[in-house]
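What follows is a short report on a single structure.
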Amino acid sequence: MASACSIKVRGVVQGVGFRPFVFRLARANALAGWVLNGEQGVEIFLEGADQGLKAFVQALKTEPPPAAQIADIEIHTSNPVGCNEFTIRESRRNEQLSVRISPDLPVCEDCLRELFDPADKRYFYSYINCTNCGPRYTVILGLPYDRSNTTMESWPLDEYCSGEYNNPFNRRFHAQPVACPQCGPGYYLQAGDKMVRGNEPSIRSAVAMLQAGKILAVKGLGGYHLACDARNADAVQALRNRKYRKEKPFALMAKNLEVAGGLFQISAETKAVLTSAARPIVIAPARIALAAVAPDNHELGVMLPYTPLHHLLFAAGAPEALVMTSANRSSEPIAFDDIEALDRLSDIADAFLIGERPIARRVDDSIVRAGVFGPTVLRRARGYSPGAVAVFPSKRPILAVGADLKNSITLVVDGQAFVSQHIGDLEHFQSLQAFQQTIEDLVSMYEVRSDELLVVHDCHPEYASVAHAAALSCSEKGSVQHHRAHIASVLAERGEWKKRVVGVSFDGAGYGDDGTIWGGEFFVGSISEGFERVAHLRRALLAGGDAAAHHPVQAAAGFLAQLDGLPDMTSAPFNFPERYQHAMELVCKRVRTFTTTSMGRLFDAVAALLGFTRETSFEGQAAMWLEQLARSAPRMEPYPFPFADGELDFRPLMTNLAWDRFLGRAASECARAFQRGISRGVSDAVTTLCREHKTDTIVLSGGVFQNELLLEDLKSMLDSTPFQVWTNRAVPANDGGISLGQAALASFGRFDFVAPANSKEKAFL
Ligand code: ZN
Ligand code: FE
């Protein structure tokens, strides 16, 4: 006797070969019925023998296609309707769209085999792909995911490709971006007036230029890269000069795992991330010094090839380690449009390797570290976006617009929290445009209605994101304080809506409840009940405007002004430049100063005391420099950093450090003792607060917690306590995670209303 059941599968199940997999599985188990792509995932109806149904469900759970990510499976028994075959039906559209769009996937083993098989139709074809691999988010123009809604719409399939596309038993059945050299787009090389056409000739010419030390703009999945030979110091330096990028490390692409292993130390965890489907840039300790690639840095960021083009470049003889950095100037967003790229990069790149397939939206490479608390995403973009990172308990649509630095946005639809790709710093016009486009893009893709939408933003009155949110039409708006959003981001990732924790939120700057600049904050509470600020770093004055964040000596003035009897900072070993004295005058007169509890600025101040007295050229540079310096010394007795009455007092710590340094103690030893002091102070504070407020969990977030040495020390100190520590994993601890935290607090109505800044203490970024 026949039985029947209907099954709903949610998650990343469209555009990843799921329907043909279901089709083959049903046929193999002699089942009739149908499968279709619905708004929320894949819907299946089956009828046949009980044994076949059981085997089907078992295989559905255990052997899904490699690119699928099943979130949940719902099975209901049903009445047989007398189907006599199994079919793939047309997509259905009538409810709220919440199907998850697949992130872009690296080229698969099967496609690679064909790519290098001279007998294959797609031999040496840069755009080879199948249902298990290739572009997704970077080619999708709209939902549902069909070829007509992708950037491949203008290339009609030829007979060969459509034969595969329409065959349920073929690996390319409904592979939307499928193409071959006869019917699809190709690559060409443009060097000045010279043009090289054809896949193979253009790639071989590009390789010859790379070998000769030239700089190439190479079109990839989510934008252009600037590429050159990583071992050619002159080429790398030329790239730095032309890109106006003085010191920020460049990412590398290694030919394969073996080459990567020669560049940096690959632990088992690093290897797992490096070879994962997201193929991110992974940060790990360097094995060789590549001074021009990563100045003053003992770490390297390396990724493996992920598009067919990358594999072709290496196979054709490109240098085994390439610099592969986002094509832009300084910190502008990555270029992804051909005309824009040719225009913006013409005096950076010697030639352009251009692919004809348009990119639907810019998506940078992701950055991940296999950290002491497990793998953690430092920049969330290609390979992860726009995946859902959490399932919210409420169904209301929410748009959270994030912070102004390292911006990302979060859209919650039908409870699923989609975090956008990394957008960048909104002070740049290009990034602001990208920010607005991403909002429009996601809101229209999921057809979110503005009359139901809740919009949430930061409390900073001068954020561009806040101004933009003010202009959006929606049913309700609210603001969430920056540092509370950091803590909520960790809990939201874990789906911990009610868990009460002690949260430590350390970063450079965020607008506080009282209109001052926060950045060294302790909270108690949960997402559902909100977070109360219970402690903070001792307040200091910060002289001047935005410049204080770029000049460690300027930040140092406000902290040092509170110490008694200091050595002279303008002579050896400190040699502070004039800017310091000027800042000190402002601090003493309280003119153009701001009150801050910023832990980021404390790190800057200490970096200045230990020798970083110049201007920084990228955010977090002085703190990174300090961490590297500390790592070069053995474990030290920590400097005192006492916690009492809800305040961590930096004075004993800085006094000791300044005198030690003056008396000739090595800067590296001072740095190590400082780092240990911070960890000791924080672990004393959180254990006190956990006991006082009867919680057993500590949450760490904010950009300062990208300091791996700080995390290592904290872990070893807290391992002996009964308290557990949670950190960010799926979204960055820096401001890239803010939008998720904003959305989480907003979904429980936990908004913050802040005092406007008074004229003397106007906050700044
Ligand atoms: Zn493939
Ligand atoms: Fe922050």
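Hydrogens, waters and symmetry mates play no part in the numbers below; they use all other heavy atoms, side chains included. Remember, it's 1-based here, ligands and their atoms both numbered in the order they're listed.
Below the 2.8 Å limit, the Zn ion (ligand 1) has as protein N, O or S neighbours Cys108 SG, Cys111 SG, Cys130 SG, Cys133 SG. Excluding water, every protein N/O/S atom under 2.8 Å from the Fe ion (ligand 2) is given here by residue and atom: His482 NE2, His486 NE2, Asp507 OD2, Asp735 OD1.
Looking at Ile678 and Met599, their side chains come closer than 4.5 Å, going by heavy atoms from C-beta outward.
Thr597 pairs with exactly one of Arg539, Glu521, His536 by the side chain to side chain donor-acceptor pair (under 3.5 Å) rule, that one being Glu521.
Both tests do not hold together for Lys219 against Tyr187: distance to the six-membered ring centre under 6.0 Å, angle to the ring axis within 45°.
Aromatic ring orientation, Tyr306 versus His310: perpendicular (interplanar angle above 60°, classes split at 30° and 60°). Between Trp518 and Phe523, the angle of the ring planes lies from 30° to 60°, which puts this pair in the tilted group.
Without hydrogens or angle criteria, Gln621 side chain to Ser617 main chain gives a donor-acceptor distance under 3.5 Å.
Arg750 is linked by a side-chain hydrogen bond (donor to acceptor under 3.5 Å, both in side chains) to nothing, counting only residues two or more places apart in sequence or in another chain. Looking at residues two or more places apart in sequence or on another chain, you find no side-chain hydrogen bond (donor to acceptor under 3.5 Å, both in side chains) involving Arg729.
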Just do the side-chain contact (heavy atoms from CB on, under 4.5 Å) check on Ile439 and His468 with the steps written out, would you?
CA-CA 10 Å; Ile439 291 176; His468 186 77; 3.7 Å; yes

